[in-house]
Amino acid sequence: MEILVSPRSEKTAAALASAWPNVRRAASNAEVVEGSDVILLGMRPNQLTDATAGLPFREDQTVVSFLAGAPKALIEAAVAPAGRVVRVNPLPPIRLRKGPVVQYPATRWSRTCSAGSAT
């Protein structure tokens, strides 16, 4: 599985690409969306509209949102026509690799990603 990362943070994208053989820095956010079945959104809620404007989402994609407090309807509108939006809320202990990560609705992808991660 190839993982495409946004060029938004050049230093972080380069570090991830050099650390993991299956990670590649994309030239643009549009390239990330075009080349992905699952897209992870991690930004401040007030950045959502600008960050997703004009991106080529597809009906067969799942968008996983880490946007705390953003209404699901707002996210769905921003990523239309993406077929599914999953909201994820990693609670503070996640930085210690402990504690729950709330996901709604559960999907095959989200269950697969969290399988075996319980501590």
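Just so it is clear, the model here is predicted, and its values are computed rather than measured.
- The nearest pair of heavy atoms linking Ile75 to Ala70 is CD1-O, 3.8 Å.
- In this structure, the separation between CG on Asn29 and CG on Leu55 is 6.0 Å, given to the nearest 0.5 Å.
- For the pair Gln61 (side chain) and Val33 (backbone), a donor-acceptor distance under 3.5 Å is present.
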key: Derivation and outcome, side chain to side chain contact (heavy atoms under 4.5 Å, CB included), residues Val86 and Val63   = CA-CA 6 Å; Val86 176; Val63 174; over 6 Å; no

Show every donor-acceptor pair shorter than 3.5 Å between a side-chain atom in residues 35-45 and any protein atom, with sequence neighbours excluded, or say none if there are none.
unit_1: Ser36; atom_1: OG; unit_2: Val32; atom_2: O; d: 2.6
unit_1: Asp37; atom_1: OD1; unit_2: Arg58; atom_2: NH2; d: 3.3

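- Results of the side chain to side chain contact (heavy atoms under 4.5 Å, CB included) test with Val85 over Val79, Leu74, Val64 single out Val79 as the only residue that passes.
- Atom CZ in Arg87 sits 9.5 Å away from atom CD in Glu76 (nearest 0.5 Å).
- In this structure, the salt bridge (Lys or Arg N to Asp or Glu O under 4.0 Å) partners of Arg24, at least two apart in sequence or on a different chain, are Glu2, Glu31.
- Counting all heavy atoms, side chain and backbone alike, Phe57 lies closest to Ala80 at CB-O, 4.1 Å.
- In this structure, Arg25 contributes its side chain and Ala15 its backbone to no donor-acceptor pair below 3.5 Å.
- Closest approach of Ala13 and Ser6 over heavy atoms only: CB-O, 3.5 Å.
- Leu4 and Trp20 fall into different hydrophobic clusters, defined by Ile, Leu, Val, Met, Phe, Trp and Tyr side-chain heavy atoms under 4.5 Å apart, directly or through other members.
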